[in-house]
Amino acid sequence: MAQQDLKESRIKKLNDLIGKKINPYPLKYDVTHKAAEIRDNFEKLEKAKVKIAGRLMLMRMHGKSGFGHVKDDSGKIQIYVALNFIGEEKLAFFKSLDIGDILGLEGEVFKTHTGEITVNVFDFTILSKSLLPLPEKWHGLSDVEVRYRQRYLDLIINEDVRESFKTRSRAIQLARSFLKEKGFLEVETPMMQPIYGGAYARPFITHHNALDMDLYLRIAPELYLKRLIVGGFEKVYELNRNFRNEGISTRHNPEFTMLELYQAYADYNDMMNICEDLVCYLVREIKGSLEIEYQGQKLSLNKPWKRIKYFDALQQFTGVDFSKIKDPEEARSEAKKMGFEPDPKASLWEIANILFEEKVETNLIQPTFIMDYPKELSPLAKQKPDDPELVERFEPYIGGREIGNAFSELNDPLEQRKRFEEQVEKRKQGNWEAHPMDMDFLTALEYGMPPTGGLGIGMDRIIMLLVDTNSIRDTILFPLLKPKAEEKGDGA
RNA sequence: GGGCCGCUAGCUCAGUUGGCAGAGCACCGCCCUUUUAAGGCGGGUGUCGAAGGUUCAAAUCCUUCGCGGCUCACCA
């Protein structure tokens with residue numbers, strides 16, 4: 001039967017209910033037990049009267065009796081409906097139900113001949129009539145496009161998807177409780193910013209009508225969180241969405257969840273410790289062990305994680321010692337030898353960075369901190385005392401993926417101004433990801449910011465590790481997709 | 001944005017060399033009071049992603065477009 005006919009047949013049933021003065025969408029139902037509670041406490045609950053509610057997932061009618069499965073958010077439980085317990089009228093009503101209808105049911109807990117814990121239904125109420133058929137009971141829903149566009153169907157049908165998102169929620173809560181325990185204050189800073197900053201990325205632009213002013217959706221909260229450190233908060237964090245106007249991939253969604261934290265009087269070594277502690281805490285709580293399997297690879301998160309200097313890692317995987325190269329042309333010829341064609345305007349360090357991303361990153365499977373980046377690539381980080389061309393910055397890698405970014409924060413306002421000016425110069429040359437000047441932030445630094453360590457962690461990527469998926473879309477309930485042609489321009 | 005792959009019934013999928021559009025589940029009708037992918041009998045419900053083109057004939061071949069997946073580019 002075509003979908004339209006399936007729907008019409010259900011609407012007819014709905015109208016029949018209304019004709020019998022049965023409200024197909026009543027207000028509430030008093031639930032006494034969850035499905036899992038009944039299954040887990042059968043000894044205590046045998047012969048007990050229970051009221052459950054959930055979605056009818058399966059029906060097996062046998063003439064004057066029948067079985068069904070009802071699913072609530074704890075799981076599913078079998079129900080038994082028989083003429084001698086429920087009466088002729090209700091049995092006929094039950095037979096007319098559709099899979100997908102939401103019911104409230106009252107009955108007695110028992111075990112069938114085959115040993116399945118079941119509710120023998122004495123009475124039931126329809127709580128919501130479903131008008132569209134659910135995906136098939138055996139093969140379920142596997143079309144990824146439908147799974148993302150109609151996530152509710154994915155959640156109804158695919159138990160593992162449900163579990164993944166429960167794990168996500170738990171990981172976010174654990175991160176908050178970890179930081180609370182460490183004395184961090186959770187704050188909320190603007191998502192709409194007059195000047196964007198804190199990362200290399202292109203922003204989304206929006207417009208405030210009353211002020212007739214363009215605003216940017218934040219690409220990072222960094223510069224606002226540092227203003228709070230200037231303001232005297234010593235440990236702050238924000239765990240919320242960032243927005244970057246870039247390509248979509250298995251590792252990128254335009255909006256993603258970032259944990260960013262700042263601690264006064266700390267440096268990047270302290271940030272490495274917090275990073276290890278936090279990730280290990282999440283992994284241990286959720287996976288039960290620091291030895292985990294991710295996409296077929298065994299990962300060991302035991303502390304301490306490997307620490308490799310940026311140039312050492314480059315040398316290890318490219319065979320070239322970039323710390324000795326002073327001429328961009330020499331770097332370019334090394335890149336060409338490895339089969340890369342850097343942009344003609346690319347600087348020495350930008351060329352090195354291309355090689356780092358191409359040759360090094362995917363090899364960093366076990367947890368690794370890459371430390372001490374070139375200053376030019378890190379305009380918000382503080383120089384190393386013994387080498388002013390390098391900054392105290394690290395990026396943690398797990399499973400070949402960057403999961404964060406951290407520095408000893410630059411708090412010298414005069415140096416920060418120079419760095420911004422260099423960034424502005426890059427923008428003039430067409431690099432739209434370079435940082436714009438932020439005078440207001442510089443003013444804040446001029447009042448004095450204590451030495452500070454800062455750490456950002458891409459939470460979606462941590463959750464990818466925890467739920468063992470290769471696609472960020474499996475960690476985001478509603479990932480961004482293009483609208484289908486027929487959905488475009490309907491006034492949405 | 002590039003490359004490769006996919007799009008057929010509500011769902012999961014077949015469809016050969018171009019020759020009447022198929023199956024299972026779901027659904028509809030009938031039978032069945034302990035089943036569990038319940039069972040038995042009967043019923044096919046479709047804009048083959050869209051639009052052009054080739055052909056006597058297109059789900060199938062060609063072109064363009066749409067959406068998705070993987071991957072590359074970029075990042076967290």
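Given the structure is predicted, the values throughout are model-derived calculations rather than measurements. In what follows, chains carry the letters A, B, and so on, assigned in the order in which the sequence lines appear, proteins first and then strands, with residues in each chain numbered from 1. Side chains included, hydrogens not; waters and symmetry mates left out as well; all remaining heavy atoms used.
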Given the rule in the side-chain contact (heavy atoms from CB on, under 4.5 Å) test, do A:Ile274 and A:Gln263 qualify, once you have shown the distances and angles that lead to the verdict? CA-CA 10 Å; A:Ile274 289 185; A:Gln263 179 175 347; 3.3 Å; yes

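- Between the CH2 atom of A:Trp305 and the CG atom of A:Asn273 there is a distance of 11.0 Å, given to the nearest 0.5 Å.
- Using a 4.0 Å cut-off, no side-chain N or O of A:Lys95 falls inside it from OP1 or OP2 of B:G29.
- A:Leu141 comes within 4.0 angstrom of the backbone, heavy atoms only, and of no base.
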Any protein N or O atoms within reach of nucleotides 68-73 of chain B? Criterion: under 3.5 Å, listing atom names and distances.
{"from": "B:G68", "atom 1": "OP1", "to": "A:Lys482", "atom 2": "N", "distance (Å)": "2.7"}
{"from": "B:G68", "atom 1": "O4'", "to": "A:Glu145", "atom 2": "OE1", "distance (Å)": "3.0"}
{"from": "B:G69", "atom 1": "OP1", "to": "A:Arg473", "atom 2": "NE", "distance (Å)": "3.2"}
{"from": "B:G69", "atom 1": "OP1", "to": "A:Arg473", "atom 2": "NH1", "distance (Å)": "3.4"}
{"from": "B:C70", "atom 1": "OP2", "to": "A:Arg473", "atom 2": "NH1", "distance (Å)": "2.9"}
{"from": "B:U71", "atom 1": "OP1", "to": "A:Asn470", "atom 2": "ND2", "distance (Å)": "3.4"}
{"from": "B:U71", "atom 1": "OP2", "to": "A:Thr250", "atom 2": "OG1", "distance (Å)": "3.4"}
{"from": "B:C72", "atom 1": "OP2", "to": "A:Arg251", "atom 2": "NH2", "distance (Å)": "3.4"}
{"from": "B:A73", "atom 1": "OP1", "to": "A:Glu358", "atom 2": "OE1", "distance (Å)": "2.7"}
{"from": "B:A73", "atom 1": "OP1", "to": "A:Glu358", "atom 2": "OE2", "distance (Å)": "2.3"}

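- Using a 4.0 Å heavy-atom cutoff across all strands shown, A:Gly66 reaches no nucleic acid atom at all.
- The distance from atom NZ of A:Lys13 to atom CD1 of A:Ile126, rounded to the nearest 0.5 Å, is 9.5 Å.
- Separation of the P atoms belonging to B:C41 and B:A59 is 33 Å when rounded to the nearest angstrom.
- Contact of A:Gln78 with B:U35 (side chain to base): a donor-acceptor pair of N or O atoms is detected under 3.5 Å.
- The residue A:Met61 sits close to a base: some heavy atom pair falls under 4.0 Å.
- In the interface, the side chain of A:Glu136 is paired with the base of B:G24 through a donor and an acceptor atom under 3.5 Å apart.
- Stacking between A:Phe256 and the base of B:A76 is present: ring centres sit under 5.5 Å apart and the planes differ by under 30 degrees.
- A:Lys287 pairs by the salt bridge (charged side-chain N to carboxylate O under 4.0 Å, His left out) definition with nothing, not counting sequence neighbours.
- Residue contacts for A:Phe110: at a heavy-atom cut-off of 4.0 Å it reaches a base atom on one of the strands shown.
- Note on A:Glu361: a base of the nucleic acid sits closer than 4.0 angstrom, heavy atoms only.
- Residue contacts shown for A:Lys111 are absent, as no nucleic acid heavy atom lies under 4.0 Å away.
- Base pairing annotation: B:U12 forms a Watson-Crick or G-U wobble pair with B:A23, both donor-acceptor distances under 3.5 Å.
- Straight-line distance between the P atoms of B:G19 and B:C61: roughly 11 Å, to the nearest whole Å.
- Across all strands shown, A:Leu132 has no heavy atoms under 4.0 Å from either base or sugar-phosphate atoms.
- Within the 4.0 angstrom heavy-atom criterion, no nucleotide atom of any strand lies near A:Gly456.
- You won't find any donor-acceptor pair under 3.5 Å spanning the side chain of A:Ser142 and the base of B:U12, going by distance alone.
- Residue A:Lys137 has a polar side-chain atom (N or O) positioned under 4.0 Å from OP1 or OP2 of B:A26.
- Residue A:Arg60 places at least one side-chain N or O closer than 4.0 Å to OP1 or OP2 of B:A38.
- A:Arg244 pairs by the salt bridge (charged side-chain N to carboxylate O under 4.0 Å, His left out) definition with nothing, not counting sequence neighbours.
- By the 5.5 angstrom centroid cut-off and the 30-degree plane limit, A:His113 is classified as stacked against the base of B:U34.
- Within the nucleic acid shown, A:Ile79 has no heavy atom closer than 4.0 Å to any nucleic acid atom.
- Between the side chain of A:Arg461 and the base of B:C75 there is at least one donor-acceptor pair of N/O atoms closer than 3.5 Å.
- Residues forming a ring pair (Phe, Tyr, Trp, His ring centres under 6.0 Å) with A:Phe394 (at least two apart in sequence, or on another chain): A:Phe369.
- Every salt bridge (charged side-chain N to carboxylate O under 4.0 Å, His left out) that A:Asp123 has, sequence neighbours left out, goes to A:Lys90.
- Nucleotides B:G18 and B:A58 are separated by 13 Å at their P atoms, to the nearest Å.
- Residues satisfying the side-chain hydrogen bond (donor to acceptor under 3.5 Å, both in side chains) test with A:Tyr80, not counting sequence neighbours, are none.
- Using a 4.0 Å heavy-atom distance criterion, A:Ala201 is classed as making no nucleic acid contact.
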